[in-house]
Colleague: 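Quick one: the structure is below, questions incoming.
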There are 2 protein chains.
Amino acid sequence: MKMMDIGEVSKRAGVPPSTLRYYEEIGLIRSDKRHGLRRQFDPDVLSRLALIALGRTAGFTLVEISAIIGRDGELYLPRDELRAKADDLQRQMAKLRILRDTLRHVADCKAPSHLECPTFRKLMKAALRTEKRGYRHPNASNRP
Amino acid sequence: MKMMDIGEVSKRAGVPPSTLRYYEEIGLIRSDKRHGLRRQFDPDVLSRLALIALGRTAGFTLVEISAIIGRDGELYLPRDELRAKADDLQRQMAKLRILRDTLRHVADCKAPSHLECPTFRKLMKAALRTEKRGYRHPNASNRP
DNA sequence: GCTTGACCTCAAGTTAGCTTGAAGTCGTAC
DNA sequence: GTACGACTTCAAGCTAACTTGAGGTCAAGC
């Protein structure tokens, strides 16, 4: 397969070269050999980068992403951890849906004040319900 | 209405006091008066904090969130900007869905290598398609 | 053979979003 | 009235994820 140098990867993946070097430095991607000084990338790096971008928009840190996609092309992690992450994503989507609906509603609603609009209040209540688990208060019990 | 001091807001909202002070400092929330030195918060701050948390999980910065929810309880921003943000959220949800499906699939798939699994390859192609607009390459045209 | 431009390294700088720590001020319970 | 714990300020520190800049290398085209 024909290798690409960093400029081409950058252009195709929409990621600046500095970021690609950084990702390589932390072991998130790798370049296969050098042509003189220049890194040569296998085209596979593109799907890997797509997966990384996906993980980023999902709010995973680069470290978490490394853990998930491992060194080679495979996805690691025990099955139940993967399922747990998938469930997190599901919950996150639910939150996004609420926010999306709220914004759409506000864009269309004619009520003088949203605080008086029943639809808005319902959405806000939904938003409040999503507010579970996150910061653990110092005084809270130590039970998982 | 009875005011709450910072500890109670912290407990109820699941947000550390230091964060609440920080949010106040940058004008994202406000405390109404002081009882001696102590900030007193209107209970409304809780829905505001829920909205902020929602915005955060959606990937908005605190500055963007300020712009959206404004100083008082209302949501600001011209309608079409709100709709545009809502559409962003929609797109983001699509990405999350792909990632979720990918993780779920990987958790269940029995294929020896994912790279050979057609389902996986289909998901990866979908992931690649989401890879549009983000970093604008220096050599790219200046057209919006 | 020389220029050019795309690459290289390495250290230092940047931004967002908080947290931590030291030192001080209160109001409530005893 | 004093001790306690929950608050206060302010400056400094921290982490993630990059970017920037100075100074250097090299291959391909002329």
Side-chain angles (χ1 to χ4, degrees), chain A residues 2-42 45 48-49 51-69 134-140, chain B residues 2-42 45 48-49 51-69 134-140:
Chain A
K2 54 195 303 262
M3 297 286 156
M4 308 153 65
D5 64 9
I6 207 171
E8 193 173 353
V9 177
S10 168
K11 219 172 292 175
R12 290 195 191 234
V15 170
S18 60
T19 303
L20 295 172
R21 289 191 204 101
Y22 174 68
Y23 282 0
E24 190 185 14
E25 192 183 319
I26 64 172
L28 201 48
I29 58 176
R30 43 195 253 267
S31 55
D32 286 306
K33 249 311 168 195
R34 294 292 178 107
H35 179 48
L37 274 187
R38 308 181 175 197
R39 290 162 176 82
Q40 295 305 112
F41 291 93
D42 186 297
V45 81
R48 195 172 172 90
L49 284 169
L51 212 43
I52 291 170
L54 229 45
R56 298 280 297 120
T57 70
F60 291 116
T61 67
L62 296 183
V63 168
E64 289 171 322
I65 294 172
S66 311
I68 296 176
I69 66 185
Y135 165 70
R136 181 160 299 229
H137 197 275
N139 289 350
Chain B
K2 56 194 302 262
M3 298 286 157
M4 308 152 64
D5 64 9
I6 207 172
E8 192 172 355
V9 176
S10 167
K11 219 171 292 177
R12 290 195 191 236
V15 170
S18 59
T19 302
L20 294 172
R21 288 192 204 99
Y22 175 68
Y23 281 0
E24 190 185 14
E25 192 182 321
I26 64 173
L28 201 47
I29 59 176
R30 44 194 252 267
S31 55
D32 286 305
K33 252 305 163 196
R34 295 293 179 106
H35 179 47
L37 274 186
R38 308 179 174 200
R39 290 162 177 82
Q40 296 304 113
F41 291 93
D42 186 297
V45 81
R48 196 172 171 88
L49 285 169
L51 214 41
I52 292 169
L54 229 45
R56 299 281 296 121
T57 70
F60 292 116
T61 67
L62 296 182
V63 168
E64 289 170 321
I65 294 172
S66 311
I68 296 175
I69 66 185
Y135 165 70
R136 181 160 300 227
H137 197 276
N139 288 351

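Lettering follows sequence order; numbering is per chain, from 1.
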Colleague: Give a yes/no on whether any side-chain N or O of A:Arg34 is located under 4.0 angstrom from OP1 or OP2 of D:dT25.
Modeller: no

Colleague: Roughly how far, to the nearest 0.5 Å, is CG of A:Leu62 from OH of A:Tyr22?
Modeller: 5.5 Å

Colleague: To the nearest Å, how far apart are A:Lys33 NZ and C:dC8 P?
Modeller: 14 Å

Colleague: A:Ala13 and A:Leu49: which non-hydrogen atoms are nearest, and at how many Å?
Modeller: CB-CD1, 3.7 Å

Colleague: With B:Arg39, which residues qualify under side chain to side chain contact (heavy atoms under 4.5 Å, CB included), at least two apart?
Modeller: B:Ile6, B:Arg21, B:Glu24, B:Ser31, B:Arg34, B:Phe41

Colleague: Taking only residues two or more places apart in sequence or in another chain, which ones pass side chain to side chain contact (heavy atoms under 4.5 Å, CB included) with A:Ser66?
Modeller: A:Leu28

Colleague: Test of understanding: with side chain to side chain contact (heavy atoms under 4.5 Å, CB included), list the residues that count as partners of A:Glu64, not counting sequence neighbours.
Modeller: A:Phe60, A:Thr61, A:Lys85

Colleague: Quick one: pull up CG in B:Asp5 and CG in B:Leu20 and give me the separation to the nearest 0.5 Å.
Modeller: 11.0 Å

Colleague: Hey, is the side chain of B:Thr19 poking within less than 4.0 Å of OP1 or OP2 on C:dG17, counting only N and O atoms?
Modeller: no

Colleague: Anything under 3.5 Å between a protein N or O and an N or O of nucleotides 24-30 of chain C, put it in a table, one pair a line.
Modeller:
none

Colleague: Give the nucleotide from the list C:dG17, D:dC7, D:dT20 with an atom nearest to the side chain of B:Asp5.
Modeller: D:dC7

Colleague: Could you pull out the closest heavy-atom pair between B:Ser10 and B:Pro16, with the gap in Å?
Modeller: OG-CA, 3.9 Å

Colleague: For DNA chain C, find the residues of residues 60-68 of chain A with a heavy-atom distance under 4.0 Å and give them by number; none if there aren't any.
Modeller: none

Colleague: Residues from residues 20-29 of chain A sitting under 4.0 Å of DNA chain D, heavy atoms only?
Modeller: A:Tyr22, A:Tyr23

Colleague: Is any side-chain heavy atom of A:Gln40 less than 4.5 Å from a side-chain heavy atom of A:Arg38?
Modeller: yes

